[in-house]
Amino acid sequence: MTRGHLRVYLGAAPGVGKTYRMLDEAHRRRDRGADVVIGFVESHGRTLTQAMVDDLDVVPRAVLTCRGERFEEMDLDAVLARRPRVVLVDELAHDNAPGARNAKRWQDIEVLLEAGITVLSTLNVQHLESLNDVIEQITGVRQHETVPDAWVREADQVELVDMTPEALRRRLAHGNVYGLDRVDAALGRHFRIGTLTALRELALLWLAGRVDDELERYRTEHATASEWHPRERVVVALTGGPGGEALIRRAARIAGRSRGADLLAVHVSLGNSPVGADPALLARQRMLVEDLGGTYHQVLGEDVPSALIAFARGVNATQLVVGASRRGRLANLLRPGVGVTTTTLSGPIDVHLVTHEEANRPQRRPRAGSVSRRRRIAGYALVVTALALLALGTGLPRGEDYLSNGILLVLATVTVAALVGGLWPALVAAFSGSVLLNLFFTEPYQTLFVSHPRNVLALVVFVFVAVAVSVVVDQAARRTREAAQASAEAQTLATMAGSVLRGSRPLKALLERLRETFSLESVALLERRPGISARPDSRQDPDTWEVVASVGERPCEAPGESDADVPVDESLSLVLHGRRPRAGDRRIIEAFAAQAAVALRQERLAREAATAGPLAEADRMRTALLAAVSHDLRAPLASAKASVTSLRSREVRFSEEVQAELLATADESLDRLSRLVTDLLDMSRLQAGVLGVTVTDLSLRESVFSALDELGGQGCGVRVRAPEELPPVVADPGLLDRVLVNVLGNALRFSPPDRPPTVTASWTGEQVELVVADHGPGVPEQERERMFVPFQRLGDTDNESGLGLGLALSRGLLEAMGGSLEPETTPGGGLTLRLALPAAQTPSR
């Protein structure tokens, strides 16, 4: 079956015209002959919208009863049975009432799409899951009805319905969005100019990201090779050299000139070169790129210019920043540099060739593959010995007929010299051997004169071949040594990364890996103390530095005390003690130092996040408390004040019955206020860990009947099955009574009159369980834990449900007494709460 199409009308706020635009599209499709029905559309009392609804076929809504209230939801089964071609489903992020087929309306829409039905729907940007925290910062309200971004991105069409904040406020003021009784409150809160502007920007940015994904998908599917530039993207090429930071900052300034531009850094690793860039410099440059809001990428290629252009075209870049070449003039004359070649290949991409301080300094070639001095001496000694034996002519006849034999012997000497001593001994062997061949194997002998032209040609060709062989053999030997060293470095870095990823404390693991790799006594990361400026003697002063992390015995307290130190930046330095590393190990140690700085920053960010977590939770709780207090505490206060004010009035004389009723109302309101304040205080004590608990042995059976008596007449219908031989429990009498009243009152509130709750008590081993089961609408499994979050009512908005602290407080009080409270589903429908308390130890008989 072909999947249906989904079209979503996205808006920044209510009232921008999403529903009207959806209805207009429905009329257009109906006029073209399509079977169009309304699954669920809410007109919110808007005349024009309702007129559009009345002109279309409507599938009757399903009526669900939950907690004594009636809810109207889309009848999914009726729509599937009707099987229209197009169905309109408003507010796709809506949470369905308990008892519906799916918990979310977007899940209903998914069922319709799988059935091959095209769906038109609407969505406000504040209901996107990824923007939930940002929306809360902007509006001060956290949205509980959300839809996954990935699901919306998969829609066939997302159309933005936009309106300026000023125009939307005018619509609101004219009563075209909400009723006139809600206009003032809306204008002062959610519909402020700044709030609407921020929401509008979020909607535009989110849709721009989706459009960008669609563009990239289109170019991939159609293999589009040309560059399209809907947005500025600046790519900076990094070689891992010391001038990379200047290039990054220049590229960031270029990207900053265009709003919304992207910054991407790329390093090309050459597959034909075993020695890569300096890993320490690359690590620091990567940190800088990420600090400036960019992204870092690494690609593998055989040729730097071609790889750069391929990457730039792949990300649809508009500008490419390349550093000026550090090659000499002769090298530039023989072969163009990376910048010139990249510019030639760039096409429509703008290439910025940026100079920097390091551009004028001669480039030092890596000495990773150079042979040692001892081997060069051995190579020269081999050349002298071999040529001397050849000159003495030990056993070799002289003459032109043996010229080829001499050439082979000298060529073998050149090859062995290149393998042992490198290029220069091989070149000496080539030119010295050619002289010996001229002296002893060509006429006239023992002179440098050559009588036959063919011998001149043979000697010239020999010299050329000998030099070529010496160069090739030397490069092969050099590359072999470089590859071995690069392999060792890569293995060391891979081991370092693995130990860091597997460790719970990455900085400690990193330093310990460095200490083990180079057999050091201790490794320490030092940081300059705040407020102390750099002085010439500061590297010797321990008071200037602070050890932020160390491994091993007797870590150095100042860089000057160490056997080797690697400055990371102006304030950080990695110091080693135990042995002085070789010069070739410096690259690896610098990589360790750069990664240590990253690990230190991550640990500090983690500590800050851990510190901010409780503060954020406290702030969230305080915000929820203020929101709850604004209504739930105000209502009983207002009721009590109105009753007392009426009784004190001298203008009206009330009868005794009315006075008694007013006094009863005031008394009931103050009792309710007292309970609310007590709940708030107990919850705050629970969260602070200072709630006083005094436990004793109690009869759970008697406590249940006492709680039912406190609930009054409504508790008489509860069926209790508690055996008399039930063992006592260990609990605080007052707290247990609070828990039972809350749990039983909650069950009574949601049970239908003809099916009252049941209470069953039992015991197993060291625990006594009390099971309170009601037969109400129940709570979906994915929503159960929300019942125990303070200030949550799961959509219940009646004025009698309090602050939403009952179940949260009950679980907290039980846990404070060593018990537990877990929700389950009642067989046949409803919610079951299972209370467990420790049983008292009864004396043995």
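Fair warning: this is a prediction, and the values are worked out from it, not measured in the lab. Counting from 1, the numbers follow the sequence of the chain as shown.
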NZ/NE/NH1/NH2 to OD/OE distance under 4.0 Å, Asp108 and Arg101: no

Do Leu76 and Asn102 pass the side-chain contact (heavy atoms from CB on, under 4.5 Å) test, and can you show the C-alpha distance, the side-chain angles, and the key distance before you say yes or no? CA-CA 9 Å; Leu76 178 59; Asn102 295 302; 3.8 Å; yes

Just one of Leu88, Leu56, Leu120, Val58 clears the side-chain contact (heavy atoms from CB on, under 4.5 Å) bar with Val41, so which one? Leu88

Is the shortest distance from a Lys or Arg side-chain nitrogen in Asp156 or Arg7 to a carboxylate oxygen in the other one below 4.0 Å? no

Of all heavy-atom pairs linking Asp774 and Ser751, the shortest is CB-OG, 3.0 Å

Does the side chain of Val158 reach to within under 4.5 Å of the side chain of Trp206, using non-hydrogen atoms? yes

Please report the shortest heavy-atom distance between Thr122 and Glu91, naming the atom on each side. OG1-N, 3.0 Å

For Pro84 and Val37, which heavy atoms make the closest approach, and how far apart are they? CG-CG2, 3.4 Å

Least distance between heavy atoms, Leu744 atom then Ala707 atom: CD1-CB, 4.0 Å

In terms of heavy-atom contacts, Arg811 and Pro823 come closest through NH2-CD, 4.1 Å

When rounded to the nearest 0.5 angstrom, what is the spacing between CG in Leu6 and CG in Leu92? 7.5 Å

Residues, nucleotides or ligands: over 12 heavy atoms within 6.0 Å of Arg30 CZ: yes

Inspect the contact between Asp90 and Arg105 and indicate whether a charged nitrogen and a carboxylate oxygen are less than 4.0 angstrom apart. no

Would you mind reporting whether Asp24 and Met52 have side-chain heavy atoms less than 4.5 Å apart? yes

More than 12 heavy atoms of other residues, nucleotides or ligands under 6.0 Å from CD of Glu42: yes or no? yes

Does any non-hydrogen side-chain atom of Leu698 lie less than 4.5 Å from one of Leu736? yes

Mind checking whether Val704 and Leu708 have side chains closer than 4.5 Å, heavy atoms only? yes

Within the distance-only criterion (no hydrogens, no angle test), does the side chain of Arg169 pair as donor or acceptor with the backbone N or O of Phe191 below 3.5 angstrom? yes

Separation between CH2 of Trp763 and CD of Glu769, rounded to the nearest 0.5 Å: 12.5 Å

Would Val36 and Asp57 count as a side-chain contact (heavy atoms from CB on, under 4.5 Å) here? Give the steps. CA-CA 7 Å; Val36 180; Asp57 292 339; over 6 Å; no

For Trp151, the ring-ring contact (aromatic ring centres under 6.0 Å, His included) test, sequence neighbours excluded, returns Trp106

Taking C-beta and beyond as the side chain, do Asp162 and Arg200 meet within less than 4.5 Å on heavy atoms? yes

Heavy-atom side-chain contact between Val59 and Ile38 under 4.5 Å: no

Rounded at 0.5 Å granularity, tell me how far CD in Glu110 sits from NZ in Lys104. 15.0 Å

Non-hydrogen side-chain atoms of Val125 and Leu128 separated by less than 4.5 Å: yes

Report yes or no: does Arg83 contribute a side-chain atom to a donor-acceptor pair with the main-chain N or O of Gly116 at less than 3.5 Å? no

Run the salt-bridge test on Glu25 and Arg29 with the 4.0 Å N-O cut-off and return the result as yes or no. yes

Could you report the tightest heavy-atom contact between Val79 and Ile117, atom names first, then the distance? O-CD1, 4.4 Å

Lys/Arg-Asp/Glu bridge criterion (N-O < 4.0 Å) met for Asp35, Arg82: yes

Donor-acceptor side-chain pairing of Glu73 and His94 below 3.5 angstrom: yes

To the nearest 0.5 Å, tell me how far Glu201 CD sits from Leu196 CG. 13.0 Å

Heavy atoms from other residues, nucleotides or ligands near CD of Gln50 exceed 12 (cutoff 6.0 Å): yes

Donor-acceptor contact below 3.5 Å, side chain Thr139 vs main chain Ile135: yes

Between the main-chain N or O of Thr146 and the side-chain N or O of His127, is there a donor-acceptor pair closer than 3.5 Å? no

Can a donor-acceptor pair be found between the side chains of Thr832 and Glu824 at a distance below 3.5 Å? no

Report yes or no: does Arg70 contribute a side-chain atom to a donor-acceptor pair with the main-chain N or O of Val63 at less than 3.5 Å? no

For Glu72, what residues pass the side chain to side chain donor-acceptor pair (under 3.5 Å) criterion, not counting sequence neighbours? Arg61

Donor-acceptor under 3.5 Å (Glu114 side chain, Val111 main chain): no

Can you check whether Val720 reaches Phe705 side chain to side chain, under 4.5 Å on heavy atoms? yes

Measure the OG-CG distance between Ser820 and Leu837 for me, rounded to the nearest 0.5 Å. 8.0 Å

Leu23 and Asp55: CA distance, side-chain angles, deciding distance, side-chain contact (heavy atoms from CB on, under 4.5 Å) verdict: CA-CA 10 Å; Leu23 290 166; Asp55 202 23; over 6 Å; no

For the CG atom of Leu112 and the CZ atom of Arg3, what is their distance to the nearest 0.5 Å? 10.5 Å

Determine, stepwise, if the pair Leu64 / Asn96 fulfils side-chain contact (heavy atoms from CB on, under 4.5 Å). CA-CA 10 Å; Leu64 303 175; Asn96 291 330; over 6 Å; no

